[in-house]
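Naming convention: chains lettered A, B, ... in sequence-line order (proteins, then strands); numbering from 1 in each chain.
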Number of protein chains: 2
Amino acid sequence: MGKLYAVGFGPGGLEYMTQKCIDVIKSVDVITGYTTYVDIMKQYFPDKEYIASPMMKEIDRCRMAIELAESGKTVAMISSGDSGIYGMAGILLEMKHEMKSDVEIETVSGITAASAASAILGAPLMHDFTIISLSDLMTPLDLIMKRVDCAGQGDFIACFYNPKSKKRVDYLKRAADILMKYRDGSTPVGVVRNAGREDETSYLTTLDKIGESPVDMFSIVIIGNSNTYVEDGKMITPRGYSDKYGFAANGGKDE
Amino acid sequence: MGKLYAVGFGPGGLEYMTQKCIDVIKSVDVITGYTTYVDIMKQYFPDKEYIASPMMKEIDRCRMAIELAESGKTVAMISSGDSGIYGMAGILLEMKHEMKSDVEIETVSGITAASAASAILGAPLMHDFTIISLSDLMTPLDLIMKRVDCAGQGDFIACFYNPKSKKRVDYLKRAADILMKYRDGSTPVGVVRNAGREDETSYLTTLDKIGESPVDMFSIVIIGNSNTYVEDGKMITPRGYSDKYGFAANGGKDE
């Protein structure tokens, strides 16, 4: 019996991979994943054996990876970001159970897109936040928009994954309209495209303009809470709701 | 002029550090941070220069780090997890502005506690989630509990940071009671203590029992959404609200 790793390699650059990710990738017999991810890893680890599959064949890819591990191979199923956040870890565990396999599956965490985008924008995630996927392929649109409304009510910073696709052109605008029931149209918004890759771009805008701003499926959108501000080109959410310079006590940690 | 890095080193083990974290730590002149974090880094990088300071002196530590960088040193301000999530990135940018300094500050993302805990528990974060700190040192308790209520309304998976301290013994129970207005008491809950460190422990329980379960300030608590289940000892949130085995199309990604 081999072993199966669900490996998140982070945004894409080698420098964002954890030591464990690098060690696992170097040690396994086979690396498998969506074609785009395989192409990224081949740049850094060209001598490994890869099995690439198109995005639409996810279940087949999981089954194949589990069967490979059962046959004695060590296998890494790779994805960008964190394999534990909207990643491959869940579907692998589900398929393992479905196949009544007793192969060992280990998740190797990676830097998720919200972390990578946050570092580029400044410090927007210094307070409570939500991560919401705006893709309605597997989640009813009503529930997605209900969650956006909850993010608004609770004054959460909101990170949107999958903010737009060819088919979903207006969901981001609808989400922004919902949030504007609760916070000002001037609320800072940061957009990062291809965070941590060579062609990374980012910009800051405001909640009332994000609906018309250039955003695509490779972008992450971070909407500030009611206290978020922009200073020296950086998007910053204060860590507390107390007086800005009264936070000297212990900065919100009471450990 | 030197440079200042806000470095998140992840849960604690060297294997969870990114390549960039390791490179920056190796290259800087001085590493500074809360005593506990300095002790962790000294294990792996014993030959570096460290300046440790107690938790309560956070503002002073930031000022000192900025002044050191202004004097020409390269400095790493370290913290566990991701420096961009409830971390040092924000306070450094705020202090830089306050001090009218033009020192360059770069954030180096790390694996945040939710990611590390998730990998240990199974795959609880396969759908939309909130991260909420239950510490009320800098946030009004009413707002924290309002956010918990919003997490309940929106059927978000809920990750609680700082779930308990000596002074805050019942907040987690209050949060669980609020969530039980919206989801069943049998909802799976995972607790991870010292995720990714040598003395890591974890267990699964349910929402109706978490209030009385052993949780402390070094723990992360992850509460499932209405679809989360436990199978083979793993906590799993399905990636969609569609039929469990009808997700073969593309697994929620429509890129």
Side-chain angles (χ1 to χ4, degrees), chain A residues 14-20 55-56 58-59 82 84-86 89-91 93-94 97 107 109 111-112 115-116 118-119 122-123 125-126 128-133 135 137-140 143 146-147 150 153-154 156 165 217 231-232 234 236-237 239-242 247-248 250-255, chain B residues 14-20 55-56 58-59 82 84-86 89-91 93-94 97 107 109 111-112 115-116 118-119 122-123 125-126 128-133 135 137-140 143 146-147 150 153-154 156 165 217 231-232 234 236-237 239-242 247-248 250-255:
Chain A
L14 184 67
E15 75 232 62
Y16 301 105
M17 294 179 198
T18 64
Q19 197 58 53
K20 187 164 187 177
M55 182 68 87
M56 306 298 277
E58 205 163 58
I59 292 280
D82 181 356
I85 296 180
Y86 305 111
I91 192 168
L93 288 173
E94 291 190 77
H97 184 79
T107 298
S109 306
I111 301 289
T112 189
S115 287
S118 169
L125 301 184
M126 293 293 115
D128 305 331
F129 64 97
T130 65
I131 294 188
I132 300 173
S133 168
S135 167
L137 275 176
M138 295 173 56
T139 305
L143 178 59
K146 162 90 174 161
R147 284 178 175 164
C150 291
Q153 278 181 55
F156 284 99
S165 76
M217 58 191 169
E231 204 163 64
D232 305 331
K234 298 288 184 185
I236 300 170
T237 304
R239 297 204 297 175
Y241 282 77
S242 53
F247 59 27
N250 59 7
K253 297 211 176 186
D254 55 348
E255 295 175 7
Chain B
L14 184 66
E15 74 233 61
Y16 301 105
M17 295 179 197
T18 64
Q19 197 58 52
K20 187 163 187 178
M55 182 67 88
M56 306 298 279
E58 204 162 59
I59 292 278
D82 182 357
I85 295 181
Y86 304 111
I91 193 169
L93 289 172
E94 291 188 77
H97 183 79
T107 298
S109 305
I111 302 289
T112 189
S115 287
S118 169
L125 302 184
M126 293 293 113
D128 305 331
F129 63 96
T130 64
I131 293 186
I132 300 173
S133 168
S135 167
L137 276 174
M138 296 172 56
T139 305
L143 178 60
K146 163 90 175 162
R147 284 178 176 165
C150 290
Q153 278 182 55
F156 285 99
S165 76
M217 59 192 168
E231 205 162 62
D232 306 331
K234 297 289 184 184
I236 300 170
T237 304
R239 296 204 296 176
Y241 280 77
S242 53
F247 60 26
N250 59 8
K253 297 212 174 183
D254 55 348
E255 293 173 7

### Query
What residues form a side-chain hydrogen bond (donor to acceptor under 3.5 Å, both in side chains) with B:T237, not counting sequence neighbours?
B:T228
### Query
Side chains of A:H97 and B:D232: does their closest heavy-atom pair fall under 4.5 Å?
yes
### Query
From B:D82 CG over to A:I111 CD1, what is the distance, rounded to the nearest 0.5 angstrom?
6.0 Å
### Query
Could you give the distance from CZ (A:R147) to CG (B:D128), rounded to the nearest 0.5 Å?
4.5 Å
### Summary
Turns out that what part of A:I236 lies under 4.5 Å from chain B's heavy atoms comes down to side chain
#### Entry: Separation between CD of B:E231 and CD of A:E94, rounded to the nearest 0.5 Å
7.5 Å
### Query
Where on A:S118 is there a heavy atom nearer than 4.5 Å to chain B: the side chain, the backbone, both, or neither?
side chain
### Task
Identify which of A:S115, A:A123, A:A119 forms the greatest number of heavy-atom pairs closer than 4.5 Å to chain B.
A:S115
### Message
Do B:Y86 and A:R239 make a side-chain contact, defined as non-hydrogen atoms from C-beta onward lying under 4.5 Å apart?
### Response
no
### Query
Taking only residues two or more places apart in sequence, or in another chain, which ones meet B:F129 in a side chain to side chain contact (heavy atoms under 4.5 Å, CB included)?
A:I85, A:I131, B:L125, B:I131, B:I157, B:C159
## Note on the structure
Heavy-atom nearest pair, B:Q153 first then A:K146, reads O-CE, 3.4 Å
### Contacting moiety of B:M17, where chain A heavy atoms sit under 4.5 Å
backbone
#### Entry: Minimum heavy-atom distance between B:M126 and A:G84, given as atom pair plus value
CE-O, 3.0 Å
